[in-house]
Amino acid sequence: MDQNTTPAPTALQNVLARIQAAIPPERIGQPLPQLLAVSKTKPASAVQALIDQGQRHFAENRVQEAQGKFPELQAAYPDLVLHLIGPLQTNKVKEAVALFDAIHSVDREKLARALKAEMDKQDRNLPCFIQVNTGEEPQKAGIAPGELASFIQLCRDLGLTIAGLMCIPPFDEEPAPHFALLRVLAERNGLSQLSMGMSGDFETAVQIGATHVRVGSALFGARD
Ligand SMILES: *Cc1c(COP(=O)(O)O)cnc(C)c1O
């Protein structure tokens, strides 16, 4: 073997380097943005390959799919952290609270109440992110920016741990203004965590202050 050839960087190393390079100067020294590896549609073997490279935070957007993949991995790697980033129906809350370590898609009162009741029952306290519909798209989940303050108050009154805000910008728009809006909304409401940025725009999100980026295809390859 050629002694002078260094192995090509892995997709994980590439994404981590790109996150690092996007951190704005005023944030250097603060905790690094957390990379969530979005493993939806990918098999447990693909998750295992990233675990072997040191990745510990993963995200799924369906409870049932995650149930088929993660319990064994969680048993083998107690330091795995599993994030739910997709829509959650109240009839899946019990399974979600048992399986996940954080919920990024709290988007309505009924769900907030069901989550709090189930966390009490299971004696678990999962950090929650409120999904904000920054583009005010009628078909998209999330709290409208104008209703956010009162929804946060409701969640706090319930006793949910609100860690921060999450958004998915409209597909056909520049993401930066949406990330900037999410940051302003978080600051205004005393929240420090921002779950924003995907494969196509995570560097922009990091520049604007993302604390959690959700990256799928840039790590695992395109989904079918
Ligand atoms: C699928 C998904 C992602 C990751 O998307 P990529 O473009 O593959 O990085 C991030 N966030 C949410 C909510 C998703 O559903």
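For ligands, and for the atoms within them, numbers begin at 1 and follow the listed sequence.
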Would Arg62 and Glu65 satisfy salt bridge (charged side-chain N to carboxylate O under 4.0 Å, His left out), going step by step from the backbone distance to the final call?
CA-CA 5 Å; Arg62 287 164 180 271; Glu65 184 185 344; 5.1 Å; no
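Taking both residues in full, the closest heavy atoms of Lys92 and Leu88 are given as CB-CD1, 3.8 Å, listed atom of the first, atom of the second, then distance. Across all non-hydrogen atoms, the minimal contact from Ser195 to His104 is OG-ND1, 2.9 Å.
The hydrophobic cluster containing Val184, built from Ile/Leu/Val/Met/Phe/Trp/Tyr side-chain heavy atoms closer than 4.5 Å, comprises no other residue.
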Distances only, to 0.1 Å: what are the N or O pairs between ligand 1 and the protein that fall under 3.5 Å?
{"residue": "ligand 1", "atom": "8 (O)", "partner": "Ser217", "partner atom": "N", "Å": "2.8"}
{"residue": "ligand 1", "atom": "8 (O)", "partner": "Ser217", "partner atom": "OG", "Å": "3.0"}
{"residue": "ligand 1", "atom": "8 (O)", "partner": "Arg223", "partner atom": "NH1", "Å": "2.7"}
{"residue": "ligand 1", "atom": "8 (O)", "partner": "Arg223", "partner atom": "NH2", "Å": "3.1"}
{"residue": "ligand 1", "atom": "9 (O)", "partner": "Ser199", "partner atom": "N", "Å": "2.9"}
{"residue": "ligand 1", "atom": "9 (O)", "partner": "Ser199", "partner atom": "OG", "Å": "2.5"}
{"residue": "ligand 1", "atom": "9 (O)", "partner": "Gly216", "partner atom": "N", "Å": "2.7"}
{"residue": "ligand 1", "atom": "11 (N)", "partner": "Arg214", "partner atom": "NE", "Å": "2.9"}
{"residue": "ligand 1", "atom": "15 (O)", "partner": "Lys40", "partner atom": "NZ", "Å": "2.7"}
{"residue": "ligand 1", "atom": "15 (O)", "partner": "Asn61", "partner atom": "ND2", "Å": "3.3"}

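Note: the hydrophobic cluster containing Val81 does not contain Phe129 (ILVMFWY, side chain heavy atoms under 4.5 Å, direct or indirect links).
Inspection of the Thr211 and Gln34 side chains reveals no N or O donor paired with an N or O acceptor under 3.5 Å.
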